[in-house]
2 protein chains.
Amino acid sequence: MSLSFAILGLLTFQPMSGYTLKSRYFDRSIAHFWPADQAQIYRTLQQLEAGGAVESEVVDNSGRPNSKLYAITSAGRESLEGWLAATHKIAPLRDAFLVQLYFGRLLSRDQMLVVLQGRRAEHARQLDYFRKLQLPEPDSDQMRRQLLFGEMTLDFARRNEAMMLDWLDACIATVAALSDD
Amino acid sequence: MSLSFAILGLLTFQPMSGYTLKSRYFDRSIAHFWPADQAQIYRTLQQLEAGGAVESEVVDNSGRPNSKLYAITSAGRESLEGWLAATHKIAPLRDAFLVQLYFGRLLSRDQMLVVLQGRRAEHARQLDYFRKLQLPEPDSDQMRRQLLFGEMTLDFARRNEAMMLDWLDACIATVAALSDD
DNA sequence: TGCAAATATAGGACGAGTCATATATGACTT
DNA sequence: AAGTCATATATGACTCGTCCTATATTTGCA
């Protein structure tokens, strides 16, 4: 579901091909919080077209392979706006690392510390990545407003990584204080 | 994958039926950070048995329907310990709400505020739930050690909800300051 | 000359997860 | 007597997401 609406949302910027959608837009924004591969994006575009939310026109790109230019329809826009304005259920937490940690008693203290510190290093790298990530300069009021929402999602990613680090530090302290066995 | 190891982990407490596993253990712990329904748990038990990680024995419960008592095998324990000690890739962030927020420019300021405040209320409820959630009293050293790890996962859930609230408050402030259109 | 990268779309296979449904019985409630 | 709850297991159908592969052409680099 979310992917369909992500695609519809991107098509509100302008009509574009599946390739452009993915490489110029999706991979630079949505992919950070809703990953999807090429196969899925193309299939979803087909589903959206079958459902009348987008329509396509084949473009003859002299030289390069033909592409399909997808555009959002008015039905698609209505469906998108309805979804955006609705209150959806919060997706339940789902984190495999918590499963791993939950059974930490089955590892020795030192094994667990290795796992936790490895995890910490990865999240530190991700926080660094998100801290350095810069959004483009706006060249219109429309874009300025769009970037504001982009910044909020980026802010989330940063806060999330920072919270992870704090929590992992607390876990490391707790486990380090444990008797070794 | 994670579900298999979650089940193996629970079976290290004691051999038990699929029903007991789910209702007495899974739903009170793992389900908070790795939800799964009954169908999936039963099928995963079957897969684990086919793979030799668990073995089962049919028990005649006089009166109640027969049950299968599942026990972890030594192969299963090795596989579990290997997985627990390994460093796994961090699962990429996947949050549909960020998709919704990203296209916030398509809503009016007030529509967006309704969405954000509804979200905030839900997370406040969840934080309250996790704050009130209490782990049982330990009655052995083994259990004390287990509860320590249980507390770490609960700590995560609480920090996560608190982070969400802080972030949503920042988003609400940003959106509230926007010109209405 | 040859190879990789960028452009461009699409299908098969599979795993994970969700939903609905089927079956069976004892115990307790209305 | 009828209904619901708790106990107990299992399958079919479906969606979503991932991985792998196939196809086709231009541009640029070594």
From C-beta outward on [X], which listed nucleotide comes closest to its side chain: [options]?
{"X": "A:Gln40", "options": "D:dC19, C:dT18, D:dC16", "value": "D:dC16"}
{"X": "A:Tyr42", "options": "C:dC19, C:dG17, C:dA10", "value": "C:dA10"}
{"X": "B:Tyr19", "options": "D:dG17, C:dA10, D:dT7", "value": "D:dT7"}
{"X": "B:Gln38", "options": "D:dC19, C:dG17, D:dT9", "value": "D:dT9"}
{"X": "A:Lys68", "options": "C:dA10, D:dC19, D:dA10", "value": "C:dA10"}
{"X": "A:Ser17", "options": "C:dA16, C:dA8, D:dA6", "value": "C:dA8"}
{"X": "B:Arg43", "options": "C:dT18, C:dT9, D:dC19", "value": "C:dT18"}

TODO: Let me know, please, whether A:Leu3 or B:Gly18 comes out on the 5' side of the other along DNA chain D by nearest nucleotide.
DONE: B:Gly18

Open item on the list: With nearest nucleotide decided by heavy atoms, which residue, A:Ala36 or B:Thr20, maps closer to the 5′ end of DNA chain D?
Closed with: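 Whichever sits nearer the 5' end wins; that is B:Thr20.
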
Task: Toward the 5' end of DNA chain C, by each residue's nearest nucleotide, A:Ala39 or A:Ser67 - done: A:Ser67

Rounding to a whole Å, what distance do you find between [X]:[atom1] and [N]:[atom2]?
{"X": "A:Met16", "N": "C:dT9", "atom1": "CE", "atom2": "C1'", "answer": "17 Å"}
{"X": "B:Gln47", "N": "C:dA16", "atom1": "CD", "atom2": "C1'", "answer": "9 Å"}
{"X": "A:Asp60", "N": "D:dT26", "atom1": "CG", "atom2": "C1'", "answer": "14 Å"}
{"X": "A:Asp37", "N": "C:dC14", "atom1": "CG", "atom2": "P", "answer": "17 Å"}
{"X": "A:Ile41", "N": "C:dG11", "atom1": "CD1", "atom2": "P", "answer": "16 Å"}
{"X": "B:Leu21", "N": "D:dT9", "atom1": "CG", "atom2": "C1'", "answer": "13 Å"}
{"X": "B:Leu48", "N": "C:dG15", "atom1": "CG", "atom2": "P", "answer": "14 Å"}
{"X": "A:Lys22", "N": "C:dA6", "atom1": "NZ", "atom2": "P", "answer": "13 Å"}

Open item on the list: Below 30° counts as parallel, above 60° as perpendicular, anything between as tilted: where do the rings of B:Phe130 and B:His32 land?
Closed with: perpendicular

- [ ] Apply side-chain contact (heavy atoms from CB on, under 4.5 Å) to B:Phe97 and B:Val115, showing your working.
- [x] CA-CA 10 Å; B:Phe97 183 69; B:Val115 170; 3.8 Å; yes

Open item on the list: Looking at A:Phe33, I'd like to know if the NZ or CZ of B:Arg94 sits under 6.0 Å from its six-membered ring centre while staying within 45 degrees of the ring's axis.
Closed with: no

Task: B:Ala71 to B:Pro15 - nearest heavy-atom pair and separation - done: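 Nearest pair, atom of B:Ala71 first, then B:Pro15: CB-CB, 3.9 Å.
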
Task: Exercise: identify the closest heavy-atom pair between B:Leu21 and B:Met16 - done: CA-SD, 3.7 Å

Open item on the list: Could you check whether the side chain of B:Gln46 and the base of D:dA10 have a donor-acceptor pair of N or O atoms closer than 3.5 Å, going by distance alone?
Closed with: no

TODO: Report yes if a side-chain nitrogen or oxygen of B:Arg94 is closer than 4.0 Å to either non-bridging phosphate oxygen (OP1 or OP2) of D:dT18; otherwise report no.
DONE: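 Yes, within the criterion.
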
